[in-house]
Protein chains: 2
Amino acid sequence: MKSEETRTHLNREQVLAAATALVKQHGPQALTMRKLAAELGTAVTSIYWHVGNRESLLDALVERTVADLGEIHPTGHTPEQRVVSVARSLRRQLREHPHLVAMVHERGLTERMFLPAQQVLVHEVHAAGLRGARAADAVRAVQVHVVGHVLVERNRERAPVQRPGEEELWSGRTAEQDPALARALARPVDPEALFTTSVRALVSGLLGRGNGPGT
Amino acid sequence: MKSEETRTHLNREQVLAAATALVKQHGPQALTMRKLAAELGTAVTSIYWHVGNRESLLDALVERTVADLGEIHPTGHTPEQRVVSVARSLRRQLREHPHLVAMVHERGLTERMFLPAQQVLVHEVHAAGLRGARAADAVRAVQVHVVGHVLVERNRERAPVQRPGEEELWSGRTAEQDPALARALARPVDPEALFTTSVRALVSGLLGRGNGPGT
DNA sequence: ACCTGAACACCGTTCAAGT
DNA sequence: ACCTGAACACCGTTCAAGT
């Protein structure tokens, strides 16, 4: 729609696009104002006119990425299955945008990552029979669990392989009684499986019986 | 024990102590090699001789702080109560060292925060009757849940109060059906209560019946 | 309204030179 | 063995000056 020849002036849109590209390639710490200017072929100071400063540039990128995340559609027959499916979808979406997670953490905006699944979760939790504050707690518990899990996962991934001393721990009493446990803990973690296990347990605990309103 | 007059030479110990003090006061991002040198009254380059570089300095601080965390003693009568108590102790310990959390995340060493509670959790989960890979999964699920929760909490705390647009979400269908839910979600989160709720649900789901070995 | 270069106040790190 | 200053290659941001 917009002829390429008319780009006489730099544009907020162009700045955001170039910034997005930089972040996509090398993560948010590679997004420096000077590299960005070089990429755009302008003076560093021009960028400041369009986006204020680095902080608000990152904010804009976060907002944009969150808006692009796409909807979440629950699957499954029971409410429990459907909430679990929402959790897994949210995790998958966040993992598909690893730079979002990094940016959000650098900027302290974790809340933003809660949004995509929120309405759906409210609906499903309501369908499961939870009401009022109890329902709100359940929604938040699932959200924090998913986002927290993704943060830990991402962190583990960029850590060097080193986990020295872990094995020594399993030479203790308990491990001798249960060598299978010792071996299982020595093996590397399968994050996908661990997530499924924990989220199933959490949701079952949140929605299951024995959790009726405190009478 | 060590006379103060004999400090002719700078010391790795002194560097670590000064670095710890700096981090304690203003967080890890305030720990710059130059400020550290100024604090110690030496040239910046001397520090490099003792600790290599900033990265390994942070690693050393992390290691030291983790070692100082102190033991965790479960309380309660049922295995479920005891695992929950371990989770809450671990969370409290991590929250008492907010800079550890920040440093660990900056350095990608989240694993380190798993250690303090690990043996205790293994023991309690074993006492609850879980064995082998199933027990290992339970231990890890609790660890990730706690650490993830603390990461999200810390993030929320350093974020500005802004959560714009949240309220609009609750004007939807579901909220109209359940005004108490809408109000609950509009209220600020009580992290302590939310943690307790979620960890109880998780542990109950992990240890509860209906989770017997897949027959 | 938008762009520019110069300048300020910072960084981490290396290295040759000192004792 | 330990310390030093100078230097390199970076940062984000401000500001006066241009068109």
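All values reported here derive from a predicted model rather than from experimental measurement. Throughout, a chain's letter reflects where its sequence line sits, starting with A, and its residues are numbered from 1.
- If you check D:dC3, C:dG12, C:dC2 against the side chain of A:W49, the one that comes closest is C:dC2.
- Near-neighbour residues of DNA chain D inside residues 17-25 of chain A, defined by a heavy atom below 4.0 Å, are absent.
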In B/S/- notation (B base, S sugar-phosphate only, - none; protein heavy atoms under 4.0 Å), nucleotides 13-19 of chain D written 5' to 3' is BBB----
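- Taking atom CD1 on A:I47 and atom C1' on C:dC3, their separation rounds to 12 Å, with Å as the unit.
- Across all strands, A:S46 comes closer than 4.0 Å to base atoms (heavy-atom distances).
- Between the side chains of B:N53 and B:S56, a donor-acceptor pair is found at a separation under 3.5 Å.
- Residues B:E80 and B:R200 are not paired through a salt bridge, judged by the lack of any N-O separation under 4.0 Å between the basic side chain and the carboxylate.
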Report all side-chain donor-acceptor pairs from residues 90-99 of chain B shorter than 3.5 Å, counting only partners two or more places apart or in another chain.
unit_1 : atom_1 : unit_2 : atom_2 : d
B:R91  : NE     : B:E153 : OE2    : 2.8
B:R91  : NH1    : B:E192 : OE1    : 3.1
B:R91  : NH2    : B:E153 : OE1    : 3.1
B:Q93  : NE2    : B:L69  : O      : 3.3
B:Q93  : NE2    : B:G70  : O      : 3.2
B:Q93  : NE2    : B:E71  : O      : 3.3
B:R95  : NH1    : B:E153 : OE1    : 2.8
B:R95  : NH1    : B:E157 : OE2    : 2.9
B:R95  : NH2    : B:E157 : OE2    : 3.0
B:H99  : NE2    : B:V23  : O      : 3.3
B:H99  : NE2    : B:K24  : O      : 2.9

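- Residues meeting the side chain to side chain contact (heavy atoms under 4.5 Å, CB included) test with B:R82, sequence neighbours left out: B:P74, B:E124.
- A heavy-atom distance below 4.5 Å is found between the side chains of A:V142 and A:V146.
- Tested against A:L22 for a side chain to side chain contact (heavy atoms under 4.5 Å, CB included), the candidates A:L36, A:L61, A:T32 yield a single pass: A:L36.
- Ionic pairing of A:R107 and A:E63 is not present here: no N-O contact between side-chain nitrogen and carboxylate oxygen is shorter than 4.0 angstrom.
- Between the side chain of B:S85 and the backbone N or O of B:T75 there is at least one donor-acceptor pair closer than 3.5 Å.
- Under the rule for a side chain to side chain donor-acceptor pair (under 3.5 Å), B:Q81 has no partner lying at least two apart in sequence or in another chain.
- Per the geometry, NZ belonging to A:K35 stands 10 Å off C1' belonging to D:dC11, to the nearest Å.
- Rounded to whole Å, the C1' atom of C:dA17 lies 13 Å from the corresponding atom of D:dC2.
- For C:dA1, neither phosphate oxygen OP1 nor OP2 lies less than 4.0 angstrom from any side-chain nitrogen or oxygen of A:H50.
- Listed by first residue number, the stems of DNA chain D with at least three Watson-Crick or G-U pairs below 3.5 Å are C:4-8 with D:12-16, C:12-16 with D:4-8.
- The closest donor-acceptor contact from the side chain of A:Q29 to the backbone of A:H26 lies under 3.5 Å.
- Comparing D:dC3, C:dT4, C:dC2 by their closest approach to the side chain of B:H9 singles out D:dC3.
- For the residue pair A:R140 and B:A184, the shortest heavy atom distance occurs at NH1-O, 3.4 Å.
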